[in-house]
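Here is the structure we will look at.
All figures in this text were calculated on a predicted structure; none of them were measured in a lab.
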Amino acid sequence: MTISDELDRTRAALLALEKSLMTLRNRLGPHLDVLRLLDDLERCTADLRRLEQQVRAPRRHDLVVIPDDDYDHDFWADAEHEGLG
């Protein structure tokens with residue numbers, strides 16, 4: 001199973017939990033523990049959303065090659081001498 005599949009399963013589980021908690025809230029009213037569970041669920045959903053953005057974002061691992069050759073003298077034409085006062 002891929003990470004994407006696991007993220008989808010986690011999202012589905014959070015949605016099922018939300019549905020169950022909403023049913024409890026409708027039956028019990030604004031019970032403190034149900035409200036706390038809903039707050040926890042909101043944090044879990046936000047954390048999952050951030051995780052999905054990080055994991056599903058395209059990754060670029062392009063290496064930048066810096067040549068060992070000397071730079072062209074024109075490259076330094078407008079540079080100031082930092083060490084000289």
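- Rounded to the nearest 0.5 angstrom, Glu42 CD and Leu37 CG are separated by 13.0 Å.
- Around CZ of Arg11, the count of heavy atoms belonging to other residues, nucleotides or ligands within 6.0 Å exceeds 12.
- Within the 4.5 Å cutoff, side-chain heavy atoms of Asp8 are placed close to those of Ser4.
- Taking the side chain as every heavy atom from C-beta outward, His31 and Arg25 never approach each other to under 4.5 Å.
- Counting all heavy atoms, side chain and backbone alike, Pro30 lies closest to Leu35 at O-CD1, 3.7 Å.
- Atom OG1 in Thr10 sits 8.5 Å away from atom CG in Leu51 (nearest 0.5 Å).
- More than 12 heavy atoms of other residues, nucleotides or ligands lie within 6.0 Å of CG in Asp39, so this atom counts as buried by the packing criterion.
- Distance check: Ser20 OG to Leu15 CG gives 11.0 Å after rounding to the nearest 0.5 Å.
- In this structure, a donor-acceptor pair under 3.5 Å is present between the side chains of Asp5 and Thr2.
- Contact check for Leu7 versus Ile3: side-chain heavy atoms found under the 4.5 Å cut-off.
- In this structure, CG on Leu48 lies 10.0 Å from CD on Gln53, to the nearest 0.5 angstrom.
- Separating the CG atom in Asp40 from the CG atom in Leu17 is a distance of 9.5 Å, to the nearest 0.5 Å.
- Under the rule for a salt bridge (Lys or Arg N to Asp or Glu O under 4.0 Å), the partners of Arg50 that lie at least two apart in sequence or sit in another chain are Asp47.
- A distance of 9.5 Å separates CG in Leu41 from CE in Met22, rounded to the nearest 0.5 Å.
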